[in-house]
Amino acid sequence: MSRTEALPPAIESVVFDAAEIGRTVARLAAAIASENVGEPITLLGVLKGALFFTADLARALPAELDVRIDTIAVASYGDAKQSSGEVRLLKDASESVEGKHILVVEDIVDEGLTLTYLLRLLAGRRPASLRTCVLLNKPYRRRVQIRVDHVGLTAPDSFVVGYGLDYQEKYRNLPYLARLRDDVIGGLRRE
Ligand code: PRP
């Protein structure tokens, strides 16, 4: 983002700009590539938040790697402050995961409920391997402990939007990760 470009009024500040996100995606892609030599890998992007991350990660992987792309969509019940703990499947993967090397690609892990739900669901389908890659780790309010294989960045303890992450479906399109102004969200703290 150029320094002269104005931020939307609801945005407090940029936390990670497009260049930093790009460097992070490249680092994650290099680590993933080194673990998947000679084996096809399916990136399973978790919609909607991981839409851009999945697309950028896929293109950052070496061309010689056999990369497949699929998506799955989930949502958690609850308000903006806290989820109810119940996650529901909105759209399943298009392809079978059985016998495949699956990398779940998430934009953010916060309470950990979404990833826990997904890993349980997918593990029951007998993939050859099941790993996780998360762009943003937000460790402050974990409700379940989970292991993430590839972590990009640590999120601040504030409401983050942009690069796929939304507030009431807005701001996903911002090319950077940004902090939302506190008065916009009424002091609530959830990405
Ligand atoms: C967000 C985010 C993760 C999940 C993480 O998705 O994209 O999937 O929450 O939260 P947790 O670790 O606290 O469970 P959301 O349900 O907001 O849907 P979206 O991806 O469509 O924005």
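Counting starts at 1 for both ligands and their atoms, in listed order.
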Q. Just wondering, do L135 and T24 contact through their side chains at under 4.5 Å, heavy atoms?
A. yes
Any idea which part of [X] is under 4.0 Å from ligand 1, heavy-atom wise: side chain, backbone, both or neither?
X    : result
R143 : neither
D107 : side chain
R141 : neither
D166 : side chain

Need the ligand 1 atom indices (1-based, order shown) with element for anything under 4.0 Å from a heavy-atom of [X].
X    : value
L113 : 12 (O), 14 (O)
I108 : 2 (C), 3 (C), 5 (C)
E106 : 3 (C), 7 (O), 8 (O)
L47  : 20 (O), 21 (O)

Q. In terms of side-chain heavy atoms, does N173 have a donor or acceptor partner in Y163 at a distance below 3.5 Å?
A. no
Q: Return yes or no for this condition: an N or O of G49 is under 3.5 Å from an N or O of ligand 1.
A: yes
(Q) I want to know if ligand 1 touches G112 in the polar sense, i.e. an N/O pair below 3.5 angstrom. (A) yes
Do the charged groups of [X] and [Y] touch, with an N to O distance under 4.0 Å?
X    : Y    : answer
R68  : D70  : no
K48  : D166 : no
E98  : R125 : no
R143 : E111 : yes

Q. Does E169 reach ligand 1, in the sense of a heavy atom lying below 4.0 Å from it?
A. no
Q. Step by step, would you call R142 with N137 a side-chain hydrogen bond (donor to acceptor under 3.5 Å, both in side chains)?
A. CA-CA 10 Å; R142 264 309 185 276; N137 179 32; 2.6 Å; yes
Q. Does Y140 use its side chain to pair, donor to acceptor, with the backbone of A155 at less than 3.5 Å?
A. yes
